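To find a chain, count down the sequence lines: A is the first, B the second, and so on, and within it residues start at 1. Given the structure is predicted, the values throughout are model-derived calculations rather than measurements.
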Amino acid sequence: MSAADHEWPLWEIFIRGQHGLNHRHVGSLHAADAEAAIRNARDVYTRRNEGVSIWAVRADDIVASSPGKKGPLYEPANSKVYRHPTFFDIPDDVGAM
Amino acid sequence: MYAQMVKSTGTGVKSLDEMDPRERAFQERIDAGEKIEPKDWMPEEYRKTLIRQIGQHAHSEIVGQLPEGNWITRAPTLERKAILLAKVQDEAGHGLYLYCAAETLGVSRDEMTRMLLDGRMKYSSIFNYPTLTWADMGAVGWLVDGAAIMNQVPLQRTSYGPYSRAMIRICKEESFHQRQGFDIMMKMANGTAAQKKMAQDALNRFWYPALMMFGPSDKDSVHSAQSMAWKIKMNTNDELRQKFVDQTVPQAEYLGLTVPDDKLAWNEERGHYDFSEPDWDEFYDVLKGNGPCNRERLAARQKAWDDNQWVRDGLLAHAQKREAMKVAAE
Amino acid sequence: MAADPLFELLLRMGDNTLILAQRLSQWCGHGPTLEEDIALANIALDLTGHTQLWLGLAGEVEGAGRDADGLAFHRDVWDFRNTLLVEQPNGDFGQTIMRQYLFDAWHVLQLEALRESSNPQVAEIAEKAIKEVSYHQERSSETVIGLGDGTEESHARMQAALDLLLPYVGEFFANDAVDEIMKEAGIAPLPDSLRSAFDEQITPVMQAATLTVPDTDFAHSGGKSGRQHSEHLGHILPQMQWLQRAYPDASW
């Protein structure tokens, strides 16, 4: 067994905070199994009451977009500028919107 | 600044024209303020330098647990005990975030730990000094964390995404560390004669080691120039040291304590304090392993590693058994 | 009986959490992994918080002007009311985590009962503490299972830890005069009433951990009554209390 085989696997941790926002990636940690990953996440990443729900995903299981394909993946969104609120020019008189 | 004397292996900063197209595109992204992410192409030297720097920073956090951990069981009130424990625990957390950031560059935490233990990787010289009285908990928070923050705040803007995100989290959590140190110092400096004496003694012992944390002058160093071009180092050592002195001297005055430097004086023309350099021979001795506590610090890390191998193996073996049972049941 | 029984009860609660937190905090910076290091520190922090509440209330009840710090830092061995289990040395990580689990299993039951206390301040502290302590038990039980069922070495170490520490469990469940009065007043449960629930808690955990619970009824005692502590407490206190004792005029 090589030295690396001894190491607890790496997990990516996602936490949903108090206010109902989406789970957000907060960082990683090592744990022997999924249950331990959740417990470790509670101890490591919610020391200041940051979250109410924790997801743990094996880092190896994350499928990521490849950086080279950045153009094709994101270009369609970039062209839909109307999705962003600042696209619309609202007169000041209208007030907050 | 928990990363001292990190050498990039580059031979000097190339101009954009001297770079091959990939390298040039990389440098242009950095110049434009973009973050480099783990799967992006990066020069091998950038990767290696970052591993050394983030690794050293991570090691400093966990070795840095020891001098303060030394006083948790002796803290003078329950509240001080809780605050100190929470702070030293944060340092373990910061070490963890940084190891994880370094792991995205293709080195495992265990590998980095082995490199720390066999001396291939270093940690900050400051943690090789002893903590002798309760006032040292104040001095460490005030001076050592204060010096670290000088470096960590700009590093939030560093070019490597995972490192930058780790620093953002660390800076957010660390905001209370320096304050709790200064709070201890205030209590001591305004306390009994014995407490005041402890406070002055702590400042005397930690002042120069704190100045050393920034490393020797690097204004002519090619390594530093390369690291600055890559935005993994944001300021020169001298800039940060000056900033630290300028910020700290008035605080010492407020406490009614004397900075142990006869040459310390405000320089109207420069708009900065003039101050004495620390003893750089001592600094190199400490780096070589001859500081007051080098042996104890590494021995403690080695013991934690060796004595608990069975724990890491045991929990992993159990997890593997359970996984095998799950698979068999499917 | 010399002291107020409620004061005694509160010291028993607060001294258990104080001494165990002191023991656990010795691990800070020396844990098996950073994750475990951080987790142990969290438990120590929670228990220190509980100590402030229990001893704070004890000081109020006593009415002699002592606060939680006064009680923690200015009493000697014979005044401490913690069980012998929590003053046992950390040993290896297995011993620490076994001690923790055995304590947690009792602690959860005790706090569940104290939540129903006729004394509203006691009930309030129990209500706050139980959430944290339930998590302590979840973590320590899973760690005991993982290490008991891990490798040959980890199994052997956990079995040794259980054999060593089980004789310190009985003390938690032995009734005495203080307990009788507290039960009568509806303030706290009779210790022996928690025993069967404790056994029901630990039996499946030890089974999953492939550990054999030693077949012995023997129980060390003397901690919670203060009659006779182990020598270990006499080393914990001078370290913990040294600054307060050496500089009695100082405030920190």
Any side-chain heavy-atom pair from [X] and [Y] closer than 4.5 angstrom?
{"X": "Leu315(B)", "Y": "Glu36(C)", "result": "yes"}
{"X": "His318(B)", "Y": "Leu147(C)", "result": "no"}
{"X": "Asp313(B)", "Y": "Ser154(C)", "result": "no"}
{"X": "Trp252(C)", "Y": "Glu79(B)", "result": "no"}
{"X": "Thr77(B)", "Y": "Gln244(C)", "result": "yes"}
{"X": "Asp92(C)", "Y": "Asp307(B)", "result": "no"}

Straight-line distance of [X] [atom1] to [Y] [atom2], nearest 0.5 Å:
{"X": "Gln89(B)", "Y": "Asp37(C)", "atom1": "CD", "atom2": "CG", "answer": "8.5 Å"}
{"X": "Leu243(C)", "Y": "Thr133(B)", "atom1": "CG", "atom2": "OG1", "answer": "8.5 Å"}
{"X": "Arg312(B)", "Y": "Glu35(C)", "atom1": "CZ", "atom2": "CD", "answer": "11.0 Å"}
{"X": "Thr48(C)", "Y": "Ile83(B)", "atom1": "OG1", "atom2": "CD1", "answer": "11.5 Å"}
{"X": "Gln309(B)", "Y": "Thr151(C)", "atom1": "CD", "atom2": "OG1", "answer": "10.0 Å"}
{"X": "Thr73(B)", "Y": "Gln239(C)", "atom1": "OG1", "atom2": "CD", "answer": "3.5 Å"}

Is it the side chain or the backbone of [X] that comes within 4.5 Å of chain C heavy atoms, both, or neither?
{"X": "Ala319(B)", "value": "neither"}
{"X": "Met137(B)", "value": "neither"}
{"X": "Ala194(B)", "value": "side chain"}

Which atom of [X] lies closest to which atom of [Y], heavy atoms considered:
{"X": "Leu34(C)", "Y": "Gly95(B)", "value": "CD1-C, 4.1 Å"}
{"X": "Ala250(C)", "Y": "Thr192(B)", "value": "CA-CG2, 3.9 Å"}
{"X": "Ser251(C)", "Y": "Gln195(B)", "value": "O-NE2, 2.9 Å"}
{"X": "Cys28(C)", "Y": "Gln65(B)", "value": "SG-NE2, 4.0 Å"}
{"X": "Leu78(B)", "Y": "Ala68(C)", "value": "CD1-CB, 3.9 Å"}

Taking [Y]'s backbone N and O only, do any of them form a donor-acceptor pair with [X]'s side chain (distance below 3.5 Å, no angle check)?
{"X": "Glu153(C)", "Y": "Trp310(B)", "result": "no"}
{"X": "Arg322(B)", "Y": "Gly146(C)", "result": "no"}
{"X": "Lys321(B)", "Y": "Asp149(C)", "result": "yes"}

Requested in this report: Dump the intermediate steps for side-chain contact (heavy atoms from CB on, under 4.5 Å) on Trp305(B) and His30(C), then the final yes or no.
Outcome: CA-CA 8 Å; Trp305(B) 180 249; His30(C) 307 275; over 6 Å; no
Query raised in the report: If you count heavy-atom pairs under 4.5 Å between each of Phe93(C), Trp27(C), Phe73(C) and chain B, which one has the most?
Result: Phe73(C)
**Report entry** Residue selection (most heavy-atom pairs with chain B, distance under 4.5 Å) from Thr33(C), Leu55(C), Asn42(C), Leu18(C)
**Finding:**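 If we count pairs closer than 4.5 Å to chain B, Asn42(C) comes out on top.
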**Report entry** From CA spacing to verdict: side-chain contact (heavy atoms from CB on, under 4.5 Å), Lys81(B), Met240(C)
**Finding:** CA-CA 10 Å; Lys81(B) 191 189 292 290; Met240(C) 184 172 82; 4.1 Å; yes
With a 6.0 Å cut-off (strictly less than), is the heavy-atom count around [atom1] of [X], excluding the residue itself, greater than 12?
{"X": "Arg245(C)", "atom1": "CZ", "answer": "yes"}
{"X": "Lys303(B)", "atom1": "NZ", "answer": "no"}
{"X": "Glu124(C)", "atom1": "CD", "answer": "no"}
{"X": "Arg295(B)", "atom1": "CZ", "answer": "no"}

With a 4.5 angstrom heavy-atom cut-off, could you sort out which part of [X] is near chain B: side chain, backbone, both or neither?
{"X": "Ile236(C)", "value": "neither"}
{"X": "Arg157(C)", "value": "side chain"}
{"X": "Tyr247(C)", "value": "side chain"}

Query raised in the report: Hey, which of Met188(B), Arg301(B), Arg109(B) has the most heavy atom pairs under 4.5 Å with chain C?
Result: Arg109(B)
Query - Residue selection (most heavy-atom pairs with chain C, distance under 4.5 Å) from Gly69(B), Gly191(B), Ala86(B) - result: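 Ranked by heavy-atom pairs under 4.5 Å with chain C, first place is Ala86(B).
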Query raised in the report: Checking side-chain contact (heavy atoms from CB on, under 4.5 Å) for the pair Gln22(C)/Ile72(B): CA distance, chi angles, key distance, verdict?
Result: CA-CA 8 Å; Gln22(C) 180 76 1; Ile72(B) 293 171; over 6 Å; no
Report task. Mind running side-chain contact (heavy atoms from CB on, under 4.5 Å) on Ile38(C) and Leu96(B) for me, showing each step along the way? Result -> CA-CA 10 Å; Ile38(C) 291 167; Leu96(B) 186 152; 4.2 Å; yes
